[in-house]
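Okay, structure first, notes after.
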Protein chains: 2
Amino acid sequence: MTEKQEKILSTALKLFAEEGFAATSTSKVAKMAGVSEGLIFRHFKNKDGLLQAILQQAEESAKILMSDIILTAEPKELIRKALELPFIIAPQEYEMWRLTYALKWQTNQYESSKLDPLKLVLKSAFEKLNYADPAAEAELLLMFIDGAATALLLHEPNNKTEILNTLKSKYQL
Amino acid sequence: MTEKQEKILSTALKLFAEEGFAATSTSKVAKMAGVSEGLIFRHFKNKDGLLQAILQQAEESAKILMSDIILTAEPKELIRKALELPFIIAPQEYEMWRLTYALKWQTNQYESSKLDPLKLVLKSAFEKLNYADPAAEAELLLMFIDGAATALLLHEPNNKTEILNTLKSKYQL
DNA sequence: TGTAAAAGTGAGTAATCGCTCACAAATGTA
DNA sequence: TACATTTGTGAGCGATTACTCACTTTTACA
């Protein structure tokens, strides 16, 4: 990966996340990255290729976060790790997550199946803890994780710790 | 409001929600609405004016939903109504909500203050019920409502009722 | 009915879009 | 050094963009 190539990626991520993919022109990316516009197409073929390159990096980061949870044996610890997920996202990864969250609402961009392994492992954790409806509990927890991540990405609340503790208490954690 | 004016609004809402605001051209809206492109600008001044007209309708719908909750005196009933909110959205309003949710991620579009009255009234309800941290509880519930609405708008799950019941049980409802 | 205002049209505008391509500079390898 | 490959440039392409405007049609009302 060239230095200019990385600059294109980071600049595009920033602009796509802040202003939207469709609203960001390749010429703007090039100008802001200090690079000729042609270079974008040399390296990434077209504008969508540029987006895919960014999303591929994002997916790798997501996989790392997910695998740590999935490999947890103890059910209570697994649930705790899952609901802490939105709270441990590093600020330097905010742009990446804002972009992926924004793209969810674009047609054909959202794949709910990506969360299936997490959903499965959560369900089994709730089963082990004898919850009445493990499937619904898993779905519910995923909904909350999504809502919490949204809130943290859009307007970091001042009482993060209290919110997390309140949530934990609902699962006796 | 003219018939063609309404047709422009409904068509634009559909396209903006499905493909995004920036990705939808005014010519496409006009073509699909069976209207000359110039008429859009006659009625709504510019593309952003068209969006604002749509969002104004959306805000009125939102206010109706909110006011019913806010005017509820009994704290338990208020909380119940709040967490049922995402589950009672009518399918014909999905497009409208998808658009507003998608626009949250665009710069300068999101105003968290819109939820402040709801947050306030929820906090006071949790206070009356002697919850340990009413402010955190209110924030938490709003996060869930957001997550649930997102899930329902993106991929209607098959076990809606079970999820809602599971959630209600966490608040002894 | 006469007429002014409002609604509606569609060709036309400059600007910008994503993208190509001929070419130059830098780099790796022998 | 010689040369092939990769990296990088920027002018330029046709298509599309948001928007204007001179014009016609419809509507409202005295």
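Keep in mind that the numbers below use all heavy atoms, side chains included, and drop hydrogens, waters and symmetry copies.
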Taking atom C1' of dA26(C) as reference, at what distance in whole Å does atom NE2 of His43(A) sit?
12 Å
Is a side-chain N or O of Thr2(A) found less than 3.5 angstrom from the main chain of Gln5(A), in a donor-acceptor match?
no
Row check, Phe126(B) ring normal vs Lys123(B) NZ/CZ: under 6.0 Å, within 45°
no
Base, backbone or nothing for each nucleotide of nucleotides 9-25 of chain C, written B, S, -, heavy atoms under 4.0 angstrom, 5' to 3'?
BB------SBBB-----
Do the side chain of Thr72(B) and the main chain of Asp68(B) share a donor and acceptor less than 3.5 angstrom apart?
yes
Mutual orientation of the aromatic rings belonging to Tyr101(B) and Trp105(A) [parallel < 30°, tilted 30-60°, perpendicular > 60°]
tilted
Sequence neighbours left out, what pairs pass salt bridge (charged side-chain N to carboxylate O under 4.0 Å, His left out) with at least one residue falling in residues 36-62 of chain B?
Glu59(B)-Lys114(B)
Distance, nearest 0.5 Å, that separates OG1 of Thr26(B) from CG of Asn46(B)
10.5 Å
Gln5(B) has an atom CD; how far is it from atom P of dA7(C), in whole Å?
7 Å
To the nearest 0.5 Å, how far apart are CD1 in Ile145(A) and CZ in Phe144(B)?
12.0 Å
Nt span of DNA chain D in reach of chain A heavy atoms at under 4.0 Å, 5' end first, is dT7(D) to dG10(D)
Dump the intermediate steps for salt bridge (charged side-chain N to carboxylate O under 4.0 Å, His left out) on Lys160(B) and Glu139(A), then the final yes or no.
CA-CA 10 Å; Lys160(B) 270 176 73 167; Glu139(A) 208 103 34; over 6 Å; no
